[in-house]
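Here the structure is a predicted model, which means the values were calculated and not measured.
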Amino acid sequence: MTTSTTNTMDKKQLIKSVFIAFFIGLIVLITAVLPAEYNIDPLGTGKLFGFSKLYVNDTEEIEQTNTQSVSLLNFKKLKLEKLGSPASVPKPIEADNPAPSEQFTEKNDTIQVTVPAGKGIEYKFKALKYGSVKYEWSTTNDAIVYIDFHGEVLQENPPENVFYESYTLAYSNNMAGTFTAPFEGKHGWYFRNHNKEDITITIRLKGQYKLFDK
């Protein structure tokens, strides 16, 4: 005949075990969890053992995610060969006309244009040769559009295939700069909206130019 004995904890041992478990959990919380999850390091153990390096600020994480999603958008690479008219379109002789003795009177304007979803529009202003214009434009909700900032030479009898010179090709939601017209004519932007919703673009101009009559 065999007998078995089962070791049982008495009340004091149980309380002692619970206290030890609580104490160990508290140490882990202070030395590891708080520095890693909340960037709280009262004892300096998070920095000592490297747990503080695991902390990631929620705002930074969102910004990094948004930046990454924008950078991964499937845009076609813009190349030098896409600038301006094809080589088969000759530059008009009017582009070599001398600059006028007087420029347009300096002014400033703010214009809003809406680019329909999946479509493109142009917005241009008049400038004389060597006229200087400062510009700024931005999109609603920081939506990215394709832009071709270019100009067309003023011609008395323009051909069917008009010559144009591109100054900037880009994908952007905002741009600012100073422009000096290389010839008299109309200058401005072609905006292309590849998004599924209409985009409003606010353009600010300051300098020697004239707007086209509406």
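Residues K129 and A99 approach most closely at O-CB, 3.7 Å, considering heavy atoms. For the pair V153 and A95, the tightest heavy-atom approach, listed with the atom from each and the gap, is CG1-N, 3.7 Å. Closest non-hydrogen pair, K79 versus L169, comes out as O-CD1, 4.5 Å. Between M175 and S172 the shortest heavy-atom distance is CE-CB, 4.3 Å. The two residues N195 and A117 come nearest to each other via the heavy atoms O-CB, 3.5 Å.
Checking side-chain atoms of R192 against main-chain N and O of I121 turns up no donor-acceptor pair under 3.5 Å. Not one N or O on the side chain of E106 forms a donor-acceptor pair closer than 3.5 Å with the backbone of Y209. One N or O on the side chain of S85 and one on the backbone of Y164 form a donor-acceptor pair closer than 3.5 Å. Side chain of N108 to backbone of G207: no donor-acceptor contact under 3.5 angstrom is found.
By the criterion of side-chain heavy atoms lying less than 4.5 angstrom apart, applied directly or through intervening Ile, Leu, Val, Met, Phe, Trp or Tyr residues, V133 is not grouped with L128; the two fall into different hydrophobic clusters. In the hydrophobic clustering of ILVMFWY residues, with side-chain heavy atoms under 4.5 Å counting as a link, V113 and W137 come out together. Both Y135 and I147 are part of a single hydrophobic cluster, where members link through side-chain heavy atoms under 4.5 Å apart. In the hydrophobic clustering of ILVMFWY residues, with side-chain heavy atoms under 4.5 Å counting as a link, L78 and V145 come out apart. No continuous path of ILVMFWY side-chain contacts below 4.5 Å connects Y190 to V162, so the two sit in separate hydrophobic clusters.
Residue K107 places its NZ atom among more than 12 non-hydrogen atoms of other residues, nucleotides or ligands, all under 6.0 Å distant. More than 12 non-hydrogen atoms from other residues, nucleotides or ligands lie less than 6.0 angstrom from NZ of K126. Crowding of F104 atom CZ: a count of heavy atoms from other residues, nucleotides or ligands under 6.0 Å exceeding 12. Within 6.0 Å of atom CD in E122, more than 12 heavy atoms from other residues, nucleotides or ligands are found, so the atom counts as buried in its surroundings. When the shell of 6.0 Å around CD1 of I93 is examined, it contains 12 or fewer heavy atoms from other residues, nucleotides or ligands.
The distance from the CG atom of L83 to the CD atom of E165 is 9.5 Å, given to the nearest 0.5 Å. For the atom pair L205 CG and K210 NZ, the distance stands at 15.0 Å (nearest 0.5 Å). Note: D198 CG to T114 OG1 = 7.0 Å, rounded to the nearest 0.5 Å. Rounding to the nearest 0.5 Å gives a distance of 14.5 Å between NZ of K82 and NZ of K77. Considering CG of N141 and CD of E197, their distance stands at 8.0 Å, rounded to 0.5 Å. The distance from the CD atom of E152 to the NZ atom of K186 is 4.5 Å, given to the nearest 0.5 Å.
Annotation: side chain of T139 is not in contact with side chain of F191 (no heavy-atom distance under 4.5 Å). Looking at H187 and P182, their side chains come closer than 4.5 Å, going by heavy atoms from C-beta outward. Within the 4.5 Å cutoff, no side-chain heavy atoms of I201 are placed close to those of W189. Here the side chains of N193 and P116 are not in contact, with every heavy-atom distance at 4.5 Å or above. Looking at heavy atoms from C-beta onward, L154 lies out of side-chain contact with N97 at the 4.5 angstrom threshold.
The aromatic rings of F179 and F125 lie perpendicular to each other, with more than 60° between the two planes, well past the 30° mark. Ring pair F183/Y167 is tilted by interplanar angle, where 30° to 60° counts as tilted.
For the 3.5 Å distance criterion, the side chains of D148 and S166 qualify, holding a donor opposite an acceptor. A donor-acceptor pair shorter than 3.5 Å cannot be found between the side chains of H194 and Y171.
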**Request:** Begin from the C-alpha positions of H150 and K124 and carry the test side-chain contact (heavy atoms from CB on, under 4.5 Å) through to its verdict.
**Result:** CA-CA 9 Å; H150 64 281; K124 289 189 172 72; 3.0 Å; yes
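Shown here are the side-chain hydrogen bond (donor to acceptor under 3.5 Å, both in side chains) partners of T202, two or more places apart in sequence or in another chain: Q112. Checked against ring-ring contact (aromatic ring centres under 6.0 Å, His included), Y123 has no partners two or more places apart in sequence or in another chain.
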